[in-house]
Amino acid sequence: DGGITQSPKYLFRKEGQNVTLSCEQNLNHDAMYWYRQDPGQGLRLIYYSQIVNDFQKGDIAEGYSVSREKKESFPLTVTSAQKNPTAFYLCASRFRQGNTGELFFGEGSRLTVL
Amino acid sequence: AQSVTQLGSHVSVSEGALVLLRCNYSSSVPPYLFWYVQYPNQGLQLLLKYTSAATLVKGINGFEAEFKKSETSFHLTKPSAHMSDAAEYFCAVSEGGYQKVTFGIGTKLQVIP
């Protein structure tokens with residue numbers, strides 16, 4: 001079955017450590033997205049990528065980094081510069097053009113900083 | 001710029017009662033509108049979407065939504081709530097294609113037995 005796989009599901013990190021969240025999709029989607037979810041704040045866009053080897057900052061990119069070396073993969077690194085990294089992280093994807101803009105989501109990764 | 005307002009961060013209904021979750025949008029062009037559902041510690045799942053084909057949109061699990069341009073609204077309804085409907089619901093707007101998708105803050109639905 002086609003879908004989006006995020007790993008790990010749960011992750012604990014000590015302050016000062018970088019951590020990388022994985023996102024892989026086999027839907028042949030062009031565009032991929034990372035959102036951060038905090039209680040009562042909805043979904044906030046961190047980074048997005050429309051094509052391989054290109055990505056743009058979203059609304060809250062500070063303290064995060066991404067890469068897009070393959071169409072299927074869009075890993076997110078939460079760096080030590082992110083002041084409040086504890087959150088639920090969602091990866092999404094969709095076709096780039098000729099569609100209604102519908103996003104498909106992974107199951108999420110919950111990061112807790114100890 | 002597009003935006004979404006969800007009225008009521010928490011809504012409680014009795015099992016079997018009508019579910020009504022409110023969403024108002026703002027968009028500079030004819031929008032595409034979506035409702036997503038999220039269960040605890042899971043991703044978002046598409047319930048239904050409006051793409052200008054019909055103003056009354058039917059989705060999964062018995063939900064439907066009506067697009068009202070004059071009211072800039074896209075409220076989500078279900079005639080009879082079930083315990084399994086307890087979840088968080090997100091309204092979203094997009095201007096289509098590769099344009100940004102903007103989400104509301106979400107409404108948590110509680111179903112009381």
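Hydrogens, waters and symmetry mates play no part in the numbers below; they use all other heavy atoms, side chains included. In what follows, every chain begins at residue 1, and chains take the letters A, B, ... in the order their sequences are listed.
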Original post:
Nearest heavy-atom pair of B/Gln42 and A/Leu90: which atoms, and what distance?
Top reply: O-CD2, 4.4 Å
**OP:** Under 4.5 Å heavy-atom distance to chain B, tell me which part of A/Tyr35 shows up: side chain, backbone, both or neither.
**Re:** side chain
Subject >> Neighbour count >12 (heavy atoms, 6.0 Å) for atom NZ, A/Lys9 >> reply: yes
**OP:** Give the cluster check for B/Leu21 versus B/Phe34: same hydrophobic cluster or not, with ILVMFWY residues linked at side-chain heavy-atom distances below 4.5 Å.
**Re:** no
**OP:** Any chance you could measure B/Ile105, atom CD1, to A/Arg44, atom CZ, to the nearest 0.5 Å?
**Re:** 12.5 Å
Original post:
Short question: side chain of B/Tyr36, backbone of A/Leu103 - any donor-acceptor pair under 3.5 Å?
Top reply: yes
Subject >> Joint hydrophobic cluster, B/Tyr25 plus A/Leu43, side-chain heavy atoms closer than 4.5 Å >> reply: no
Subject >> chain B contact via A/Gln50 - side chain, backbone, both or neither, heavy atoms under 4.5 Å >> reply: side chain
Original post:
Is a side-chain donor or acceptor of B/Lys100 paired with a backbone partner of A/Gly58 at a separation under 3.5 angstrom?
Top reply: no
Original post:
When hydrophobic residues are tied together by side-chain contacts of less than 4.5 Å, even through go-betweens, does B/Leu47 share a cluster with B/Met83?
Top reply: yes
**OP:** Would you name the heavy atoms of A/Phe105 and B/Leu44 that are closest together and state the gap between them?
**Re:** CB-O, 3.5 Å
Original post:
What part of B/Leu46 gets closer than 4.5 Å to chain A, counting heavy atoms only: side chain, backbone, both or neither?
Top reply: side chain
**OP:** Verify the neighbour count for atom CZ of B/Arg22: are there more than 12 heavy atoms of other residues, nucleotides or ligands below 6.0 Å?
**Re:** no
Original post:
Should B/Val93 and B/Phe63 be regarded as members of a common hydrophobic cluster, given that ILVMFWY residues are connected when their side-chain heavy atoms come within less than 4.5 Å of each other, either directly or indirectly?
Top reply: yes
Original post:
Can you check whether B/Phe103 reaches A/Gln37 side chain to side chain, under 4.5 Å on heavy atoms?
Top reply: no
Subject >> Closest approach of B/Val101 to A/Arg94 (non-hydrogen atoms, all atoms of both residues) >> reply: CG2-NH1, 3.3 Å
Original post:
Is it the backbone or the side chain of B/Gln45 that comes under 4.5 Å from a heavy atom of chain A, or both, or neither?
Top reply: neither
Original post:
In terms of hydrophobic clustering (I, L, V, M, F, W, Y; side-chain heavy atoms under 4.5 Å; direct or indirect links), are A/Phe104 and A/Tyr47 co-clustered?
Top reply: no
Original post:
Closest approach of B/Asn41 and A/Phe88, non-hydrogen atoms and distance?
Top reply: C-CZ, 3.9 Å
Subject >> Contact origin within B/Gln38 toward chain A - heavy atom pairs under 4.5 Å >> reply: side chain
**OP:** Give a yes or no on whether A/Lys71 atom NZ has more than 12 heavy-atom contacts from other residues, nucleotides or ligands under 6.0 Å away.
**Re:** yes
